[in-house]
Amino acid sequence: MPVTMRAKPFLFPTFCKACGRCIEACPKDCIEMSTEIDPVTGLTPVVIDLEVCNACGLCFTACPEPHGLLPRPEGLGAGEVDPSVFFGPRPSTAPVPETIPDTRVPLPSFEPMVLKGTHASAVGALLAGCRHFFGYPITPSTEGAELMARLLPELDGFFVQAVSEVAAVNMIYGCGGAGLPSMTFTSSPGFSLMLEGISYMIGAEIPGVFVNVMRGGPGLGNIGPEQADIKLVCRGLGHGNTHAVVLAPSTPQEMLDLTMLAFELAFRYRNPVVLVGDGYLGQIMGRVELPCEMVRPGIPEWAVHGDETHRGNLLSSIQIAEADLEAHNVHLNDKYRRMIEREQRAELYRCDDADWLVVACNTPARMAKGAVESLRAQGASVGLFRPVTLWPFPSGDLLPLLDRARGLLVVEAGSGQLEDELRLALSHAGAPGTRIENLRRFGGMLPQGQDIVDKVIALAHGDPSCTAPSTTTSHATAMAPA
Amino acid sequence: MHSAFYDHFARHGHGAGLKGHATHYCPGCGHGLAHKYLAEAITELDVQDRTVAISPVGCAVFLYYYFDVGNTQAAHGRAPAVALGHKLANPSSIVVSYQGDGDLASIGLAEILQVVQMGLPMTFVFINNAIYGMTGGQMAPTTLMGQTTTTSPHGRDRFTGQTLRVAEMIAGLDGPIYVERVALFDRKQRTRAKRAIAKALRLQVENRGLGFVEVLAECPTQLHMTPIEAERWVQEKMVPVFPLGVKKDLTAEPWFTPEAPSFDARRLTRTIHASTEPAPRFGDGFPAHVDEHDVAIKFAGAGGDGAQTIARLTAKSGINEGFDATYIPSYGPESRGGTSYADVHVARREVLSPAAPEPHVLVAFNPPSLEKFGPCVRPGGLVLYDQTVTPEAPRLDPSVQMVGVPFTGIAADLGKVKVKNTVALGAFQAATRLFPADSFLEALRRSMPDDCEMAVLNEEAFRRGAMAFDEPFDEPAN
Ligand code: SF4
Ligand code: SF4
Ligand code: SF4
């Protein structure tokens, strides 16, 4: 219906909150509070004397309600007015959002590169289509950020050094919310600061990739390698009912491969994905093969991209009504169940006929593999069970091995957080009591191959005195990159 | 008339009854007016499809009930960071961050300062009503001195901090081009407020820069006043503390028109220095004369000796030769002026433990490194040290072969002490025959493709180092 440039006001009395601001605003004093109570609102809406009104329009700009005082369409008579005169049949004219799919671009075959762990992860992110990095420098993850700072401008991408990790995670929230892949490199204390934002991302179902190069804690701790954030990433991703796939690479090659996988999973599940390395793995340079394709990301249907197609979308973790929030959690639980069913990953190394299984991830898993080799050379049947996903814990791969194995030796650079995940997974799976022993180092010390060998031999010989970890410092490696 | 508001507020109480058309704001609340002016500006500038509105935490948390644009709701105080993420993801989107005083001026101070200082074309609407509305009338950073709130029940005093003037603070930053404080308490102020919000949005649409509008708004509910009393309160109490007007208004040319990120495969692989050219292989097998499966080497010196570089080159040669290899730098805590060492492994199949606590070979650039790591070398191993700086080598296990080569002396002779590490690498190759010399030279050349002069000098240094070692490394008895 056409509206004249200068229109007199129209008001649906039920949409008036009786604030009186329009009364004050009217120069002609033609608006006054009604004396009759509106039966729907219980308020006394204003009444307007249209005879006196000169259509100055000042009352429109004084009315705080979007659908309060409205410009009166020409020819609108008195009496009952159908709201459809003012409001369309749908809440919005926004189109139904559509997905613009990713494309996979084939790559030629490259020579293997020599990359350090953090750099391999950064290269993996670029290949996965990430052109946005948000982070705050923190040792020992900074070199990944530095490489991104160097390379992203060359690809017309964006590198932002945020004011803090708290800001960084929220930039990821915004960028991921716009439907694009983005990431950060951080390390334990920085990751702690990101947890609030991660909880919001999970609630609002926003993808993003977090590479946490774990260091010694608690508190400032040190910058040596530790695996003491496993509890945090598996059980403590901020407040509320939160989970995310947690990937634990153990070589620079896996830093690249699993970073690419992390982006894929983040968008598949509309959820953050965490990749945990340790300070040592971040620094190791090793052989890295490039994949045969790279990704040009599209824009998912749910994104708030700032374009016509996606105008109708909302990203929010708010569900005010209890029933709505319960339903949302049911939906999240369903998603977590799918992750548990489909995303368990593990490497089984000489496990088939193993009497003892060493369980380890990240760098300690490399030491453990060496130990398995030398134990095998000595005739012991020992295998390495290496969880590649820490959440979901790959119990599906582990359970069949337990029929034969006499026990598990959990080797970790931390105080038992991996063992807790293992125990919880076995408990959920209803596995029968399995003997679980451990070998732990902390504070930046890594369990070494010989320690593992000694421990397994002692266990295999049923020596009950073998529970304390070796403290032979000549085997332990302290690492503190500048 | 079409506006940037939804025709029906489907998200407000599922759009049932009155909620479908009325806001959740209290009668007379200033938020509604600011919303209205923003919606009008969006319509007038014809950017509804491109607009992304960031809802804060506070009374405006449900801004997304009303604005028919892309909506993202942010954590308390983080709206500017979320807004920045959106803007960089899609620079042609029109991003509006809408925040209240608790959100922007308390919990989110760091975020607003950083993002405003970046100064990208973005629009900030800041609602200052001097109190926390949603949570029930607690003190805000902008609460007036003496003002009574539920957390300053005896009136705000110095111990609760002093009133924060945000517009002035923001205008003091270099980032924004336009900052104005407006109010809503009478016709004139409302007209100015409307214009200011429209201008802050237009500056973004024209890609000129960041606009920030502080709106002195009425919160009748928490002030326990009628809307009209609240208008007067803002006028009489707030305005003297928060002077209205333009705080900053620079002329700026459009500037933020970045290229779209590149997903060109060739550009990407060039950027990461990936090469399709196969590295030639010079050796004919694993250096089993050093170890059957896995050779461990430690390079140690002071920071700046170049131990890290040749460690990396050794790992690279190993990989070029078709083996697995790793290199891990270790700077001990004592490294400030002390030792910087690097562990290298070359394995026939897979390097298991990348550390080299007991290396087959130690290359030591100074006496402290030799002192420290010499005793760790395996029986039958080899120690190569810089004779120039180590007049007397320590006594080690008799099975360990000790080889002194004047790394520094030879490098100085070549006119560049810096190349002593390449001298050491040459001597290392000659002493260990880990791989043929050409394998190392190829890795060396590839590491500095753009610097011919240095490449020539380094090759010479490598040869001189190799020549200095005339006694080949014998089969170790391990
Ligand atoms: S248009 Fe002007 S004169 Fe008419 S009611 Fe509104 S303020 Fe009064
Ligand atoms: S300003 Fe709007 S809501 Fe307030 S009394 Fe007038 S018409 Fe009603
Ligand atoms: S509490 Fe205050 S700011 Fe919040 S909606 Fe009510 S009047 Fe507005």
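Convention: sequence-line order gives letters A, B, ...; per-chain numbering from 1. We use all heavy atoms of the structure for the numbers below, so side chains are in, but hydrogens, waters and symmetry mates are not.
B/A265 and A/V105 make their closest contact through CB-CG1, 4.0 Å (heavy atoms, listed as atom of the first residue, atom of the second, distance). Listed here is the closest heavy atom pair of B/A75 and A/N170: CB-OD1, 4.2 Å. Counting all heavy atoms, side chain and backbone alike, B/T72 lies closest to A/Y173 at CG2-CE2, 3.4 Å. Closest heavy-atom contact between B/D68 and A/A94: OD1-CB, 4.3 Å. The nearest pair of heavy atoms linking A/P64 to B/C29 is CB-O, 3.6 Å. Across all their heavy atoms, A/C19 and B/P27 have their closest contact at CB-C, 3.7 Å.
Contacts of A/Q253 with chain B are absent, with no heavy-atom separation under 4.5 Å from either backbone or side chain. In this structure, chain A has heavy atoms under 4.5 Å from both the backbone and the side chain of B/H21. Of the atoms belonging to B/K36, it is side-chain heavy atoms, and not backbone ones, that fall under 4.5 Å from chain A. Residue A/C16: no heavy atom, backbone or side chain, is found under 4.5 Å from chain B. Within the 4.5 angstrom heavy-atom criterion, only backbone atoms of B/H24 (N, CA, C, O) approach chain A. If you measure heavy-atom distances from A/L58 to chain B, the contacts under 4.5 Å come from the side chain alone. Only the side chain of B/L84 comes within contact range of chain A, with at least one heavy atom under 4.5 Å from a heavy atom of that chain. Using a 4.5 Å cut-off between heavy atoms, B/L184 contacts chain A through both its backbone and its side chain. Using a 4.5 Å cut-off between heavy atoms, B/F62 contacts chain A through its side chain alone, with no backbone atom that close. For A/C22, no part sits under 4.5 Å from any heavy atom of chain B, backbone or side chain. Residue A/L147 does not touch chain B at all, counting heavy-atom pairs closer than 4.5 Å. Only the side chain of B/Q114 comes within less than 4.5 Å of a heavy atom of chain A; its backbone N, CA, C and O stay farther away. Residue contact with chain B, scored on non-hydrogen atoms closer than 4.5 Å, is absent for A/A122. Contacts of A/V166 with chain B are made by both backbone and side-chain atoms, with heavy-atom separations under 4.5 Å. For B/A39, no part lies under 4.5 angstrom from a heavy atom of chain A. Residue A/L314 touches chain B through both its backbone and its side chain, counting heavy-atom pairs closer than 4.5 Å. Proximity to chain B is limited to the side chain of A/Y200, based on heavy atoms less than 4.5 angstrom apart. With a 4.5 Å cut-off on non-hydrogen atoms, B/H31 does not touch chain A at all. Using a 4.5 Å cut-off between heavy atoms, B/R50 touches chain A through backbone and side chain atoms alike. In this structure, no portion of B/Y66 lies under 4.5 Å from any heavy atom of chain A. Both the backbone and the side chain of A/A167 come within less than 4.5 Å of a heavy atom in chain B. Contact annotation for B/P258: only side-chain heavy atoms (C-beta onward) come within less than 4.5 Å of a heavy atom of chain A. Using a 4.5 Å cut-off between heavy atoms, A/L290 touches chain B through its side chain atoms alone. If you measure heavy-atom distances from B/V344 to chain A, you find no contacts under 4.5 Å at all. Only the backbone of A/R90 comes within contact range of chain B, with at least one heavy atom under 4.5 Å from a heavy atom of that chain. Contact annotation for B/A325: only backbone heavy atoms (N, CA, C, O) come within less than 4.5 Å of a heavy atom of chain A. Looking at A/N222, neither its backbone nor its side chain comes within 4.5 Å of chain B, counting heavy atoms on both sides.
In terms of heavy-atom pairs under 4.5 angstrom with chain A, the leader among B/L88, B/I272, B/T269 is B/L88. By number of non-hydrogen pairs under 4.5 angstrom with chain A, the leading residue of B/S55, B/G77, B/S275 is B/S275. When each of B/H273, B/E218, B/E40 is scored by its heavy-atom pairs under 4.5 Å with chain A, the top score falls to B/E218. Interface remark: of the candidates A/A25, A/G286, A/G157, A/A25 forms the most heavy-atom pairs closer than 4.5 Å to chain B. In terms of heavy-atom pairs under 4.5 Å with chain B, the best-connected choice from A/L180, A/V114, A/V163 is A/V163. Across A/P27, A/A62, A/G88, A/G20, the residue that shares the most heavy-atom pairs under 4.5 angstrom with chain B is A/A62. Contacts with chain A were tallied for B/G70, B/G20, B/A315; B/G70 has the most, counting heavy-atom pairs under 4.5 Å. The most heavy-atom pairs under 4.5 Å with chain A, out of B/T226, B/D294, B/V69, come from B/V69. Contact tally against chain B (heavy-atom pairs below 4.5 Å) for A/H132, A/H310, A/R150: the top residue is A/H132. For the options A/A178, A/S164, A/P66, heavy-atom pairs under 4.5 Å to chain B are most numerous at A/P66. Counting heavy-atom pairs closer than 4.5 Å to chain B, the top-ranked of the candidates A/T103, A/I172, A/L315 is A/L315. Among the candidates B/A279, B/G17, B/G108, the residue making the largest number of heavy-atom pairs closer than 4.5 Å to chain A is B/A279.
A/E154 contributes atom CD, which lies 9.5 Å from atom CZ of B/R270 (distance to the nearest 0.5 angstrom). Note that OG1 of A/T61 is 6.5 Å distant from NZ of B/K194, once rounded to the nearest 0.5 Å. Here B/Q48 contributes atom CD and A/S92 contributes atom OG; the two are 7.0 Å apart, rounded to the nearest 0.5 Å. Note: A/Y280 OH to B/S353 OG = 6.0 Å, rounded to the nearest 0.5 Å. One finds the CD atom of B/E350 at 11.5 Å from the CZ atom of A/R287 (value rounded to the nearest 0.5 Å). In this structure, A/E24 CD and B/I228 CD1 are separated by 4.0 Å, a value rounded to the nearest 0.5 Å.
A donor-acceptor pair under 3.5 Å links the side-chain atoms of B/H86 to the main chain of A/V304, judged by distance alone. In this structure a side-chain-to-backbone donor-acceptor pair under 3.5 Å is present from A/R131 to B/S262. Not one N or O on the side chain of A/R21 forms a donor-acceptor pair closer than 3.5 Å with the backbone of B/P227. Under a 3.5 Å cut-off, the side chain of B/Y64 and the backbone N or O of A/S316 do not form any donor-acceptor pair.
A search for side chain to side chain donor-acceptor pair (under 3.5 Å) contacts involving B/H76 returns B/D103, not counting sequence neighbours.
Each salt bridge (Lys or Arg N to Asp or Glu O under 4.0 Å) pair with one or both residues in residues 258-268 of chain B, not counting sequence neighbours, appears once here: A/D156-B/R267.
Defined by atom type and a distance below 3.5 Å, a donor-acceptor pair is present between the side-chain atoms of B/T23 and A/K17. In the model, B/D7 has no side-chain atom that pairs as donor or acceptor with a side-chain atom of A/H67 under 3.5 Å.
With salt bridges taken as basic N to acidic carboxylate O contacts below 4.0 Å, one links B/R349 and A/E373.
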